[in-house]
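Notes follow once the structure below has been shown.
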2 protein chains.
Amino acid sequence: MKLSTRGRYGLKAMFQLALHFGEGPIPLNVIASQQELSENYLEQIFSVLRKVGLVKSVRGAQGVYMLAKHHKNITVGNILRVLEGDMAPVYCVTDDNSSCHREEKCVTRLVWKKMKDSINSVIDSITLQDMVEEQKEIEKANKSVGGF
Amino acid sequence: MKLSTRGRYGLKAMFQLALHFGEGPIPLNVIASQQELSENYLEQIFSVLRKVGLVKSVRGAQGVYMLAKHHKNITVGNILRVLEGDMAPVYCVTDDNSSCHREEKCVTRLVWKKMKDSINSVIDSITLQDMVEEQKEIEKANKSVGGF
DNA sequence: ATGAAAACCTAGTAATGTGGTTGGAATTGA
DNA sequence: TCAATTCCAACCACATTACTAGGTTTTCAT
């Protein structure tokens, strides 16, 4: 029951983009080195994010990535579902479930359903903007106690 | 972000034990064939469940497994945490987290924490008894519409 | 124009985890 | 005593993960 690196790296990188939203877009190698990730690997992740319209890119020298829309309109759920697939604990409660002939009569399925709904309700309620604001709070708190 | 078969099979099997709580214990091969699972594989799962005290066993011919305590006192969370490990979406919010030098200052960590808490709150709120009662409800509903 | 820097793309690959199987030993009721 | 069952340890094939490698394309700066 663990997320893969795709979801983890992807969210972290998107959060970085959101943090520097006003200050112009960022090339990928900067994000990669900030987060100590492989640039090539992060590229693959961003390729997916771009194709679903969560980020935009500018090609060529001085090329960059940027959020495709305001970070208040991007939720953690948007990102994770793209990178991890349907956020369901078992396949029989995914959106594209074709299997599971027992369907409704299965009580364990109800349990999985509750887990799924709970997970999605959390990740859909957190936007990148929420995270940015939280970050600013933390920085402020640290500064007021003398930093570090 | 999927459960492994261990968690899925384990919960289903424990649910079977709970369903037949009054009617005496059940040998593993019965459960295995009911759920169409490998008996040997299920044994490995029950070995773990026994060692943590969720089930008891009787050895020898006519050997059986039974719940170690009343099914109202066993939650889905009890079972899943044993079979899947800490139900956290990433390692940095597991109980035995030794890594993650950033610790408190990390906003994404707060997101993972919320996911973890949400998941655990769901699975800890459902007991095997709840599932048994739900099953009885379903059966009753089916019967009253003419069965099948 | 040209070179460098970046996005973009595809294939391969080592390590790890998953989901078992195999084959037995120990225990005990009939 | 034998058959049924729990118990145990090792092994194994396959899939997935988390990359790396090595390019192609695009575009800016000079």
Side-chain angles (χ1 to χ4, degrees), chain A residues 1-14 16-17 24-68 80 82-86 89-91, chain B residues 1-14 17 24-68 80 83-86 89-91 94 99:
Chain A
M1 255 307 263
K2 291 283 183 289
L3 286 172
S4 71
T5 52
R6 286 163 59 89
R8 299 205 320 267
Y9 296 178
L11 180 60
K12 281 210 162 193
M14 290 290 281
Q16 284 294 321
L17 285 186
I26 314 175
L28 206 56
N29 57 48
V30 173
I31 299 178
S33 65
Q34 275 175 355
Q35 308 281 345
E36 293 177 0
L37 305 177
S38 145
E39 189 183 341
N40 273 332
Y41 189 43
L42 205 52
E43 264 176 14
Q44 291 174 28
I45 294 170
F46 268 73
S47 166
V48 179
L49 292 172
R50 187 177 51 81
K51 279 166 188 162
V52 299
L54 284 173
V55 300
K56 283 185 299 190
S57 63
V58 174
R59 299 194 65 174
Q62 281 72 47
V64 283
Y65 281 102
M66 64 204 87
L67 298 183
L80 290 185
V82 162
L83 296 175
E84 297 283 333
D86 206 327
V90 309
Y91 289 107
Chain B
M1 254 308 261
K2 291 283 183 289
L3 285 173
S4 71
T5 51
R6 287 164 58 89
R8 300 206 318 269
Y9 295 178
L11 179 60
K12 282 211 163 192
M14 289 292 280
L17 286 186
I26 315 174
L28 207 56
N29 58 48
V30 174
I31 299 178
S33 66
Q34 273 175 356
Q35 309 281 345
E36 292 176 359
L37 306 177
S38 147
E39 189 184 338
N40 275 328
Y41 189 43
L42 206 52
E43 266 175 13
Q44 291 175 30
I45 294 170
F46 267 74
S47 166
V48 178
L49 292 171
R50 188 178 51 80
K51 279 166 188 164
V52 300
L54 284 173
V55 300
K56 283 184 299 189
S57 63
V58 173
R59 299 193 65 175
Q62 280 71 47
V64 284
Y65 282 100
M66 65 204 87
L67 298 182
L80 291 185
L83 296 175
E84 297 283 335
D86 207 327
V90 309
Y91 289 107
T94 52
S99 52

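Every chain is numbered from 1, with letters handed out A, B, ... down the list of sequences. What's counted below: heavy atoms across the whole structure, side chains too, no hydrogens, waters or symmetry copies. This one's a predicted model, so the numbers in the text were calculated from it and none came from an experiment.
Rounded to whole angstrom, the span from the CE atom of B/Met1 across to the C1' atom of D/dT17 amounts to 16 Å. Atoms CZ (B/Phe46) and C1' (D/dC8) sit 17 Å apart, rounded to a whole Å. For the pair A/Glu39 CD and D/dG22 P, the interatomic distance rounds to 16 Å; values are reported in whole Å. The CG-C1' distance, from B/Leu42 to D/dC7, rounds to 14 Å in whole Å. The distance between atom CG of B/Leu83 and atom P of C/dG19, rounded to the nearest whole Å, is 12 Å. Between the CG atom of B/Leu28 and the C1' atom of D/dC8 there is a distance of 14 Å, given to the nearest Å. Taking atom OH on A/Tyr41 and atom C1' on C/dC8, their separation rounds to 17 Å, with Å as the unit. As rounded to whole Å, 12 Å separates atom P of D/dT17 from atom OH of B/Tyr91.
Nearest-nucleotide positions on DNA chain C place A/Val64 closer to the 5' end than the other of A/Val64 and B/Arg6. Of the two residues contacting DNA chain D, namely A/Val58 and A/Leu3, the nearest-nucleotide position lying further toward the 5' end is that of A/Leu3.
Taking side-chain N and O atoms only, B/Arg50 has a distance below 4.0 Å to OP1 or OP2 of D/dC7. Distances shown here put a side-chain N or O of A/Asn29 below 4.0 Å from the OP1 or OP2 atom of C/dA6. For the pair A/Ser38 and D/dT20, the criterion of a side-chain N or O lying under 4.0 Å from OP1 or OP2 is met. For the OP1/OP2 pair of C/dC8 and a distance below 4.0 Å, the side-chain nitrogens and oxygens of A/Ser57 include at least one atom meeting the criterion. Listed pair A/Tyr9 / D/dC19 meets the phosphate criterion, a side-chain N or O lying under 4.0 Å from OP1 or OP2. Look at B/Thr5 and you'll find a side-chain N or O under 4.0 angstrom from OP1 or OP2 of C/dG19.
For B/Lys51, the listed nucleotide lying nearest its side chain is D/dC8; candidates were D/dA18, C/dC9, D/dC8. Of the candidates C/dA11, C/dC9, D/dA18, C/dA11 carries the atom nearest the A/Gln44 side chain, counting heavy atoms from C-beta on. Picking from D/dA18, D/dC7, D/dA29 the nucleotide with the shortest atom distance to the side chain of B/Glu43 gives D/dC7. The nucleotide whose nearest atom lies closest to any side-chain atom of A/Gln62 is, among D/dC28, D/dC7, D/dC19, D/dC28. Distances from the side chain of B/Pro27 to the nucleotides D/dC8, D/dT6, C/dA7 place D/dT6 closest. Comparing atom distances between the A/Arg59 side chain and each of C/dG20, C/dA7, D/dT6 picks out C/dA7 as nearest. Of the candidate nucleotides D/dC8, D/dG22, D/dC28, D/dC28 has the atom lying nearest to any side-chain atom of A/Ala61.
Two residues are said to be in side-chain contact when any heavy atoms from C-beta on lie closer than 4.5 Å; A/Leu54 and A/Val48 fail this criterion.
No donor-acceptor distance shorter than 3.5 angstrom exists from the side chain of B/Glu39 to the backbone of B/Leu28, with no hydrogens or angles considered.
As judged by a 4.0 angstrom heavy-atom cut-off over every strand, B/Gly63 is placed among residues touching the sugar-phosphate backbone only. Within the 4.0 angstrom heavy-atom criterion, only backbone atoms of the sugar-phosphate kind lie near B/Tyr65; the bases stay farther away.
Across all their heavy atoms, B/Arg8 and B/Leu3 have their closest contact at NH1-O, 3.7 Å.
For the atom pair A/Ile31 CD1 and A/Glu43 CD, the distance stands at 11.5 Å (nearest 0.5 Å).
Using cut-offs of 30° and 60° on the angle between ring planes, the pair B/Tyr65 and B/Phe46 is tilted.
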Using side-chain contact (heavy atoms from CB on, under 4.5 Å), reason through A/Lys2 and B/Thr94 one step at a time and then give a plain yes or no.
CA-CA 11 Å; A/Lys2 291 283 183 289; B/Thr94 52; 4.2 Å; yes

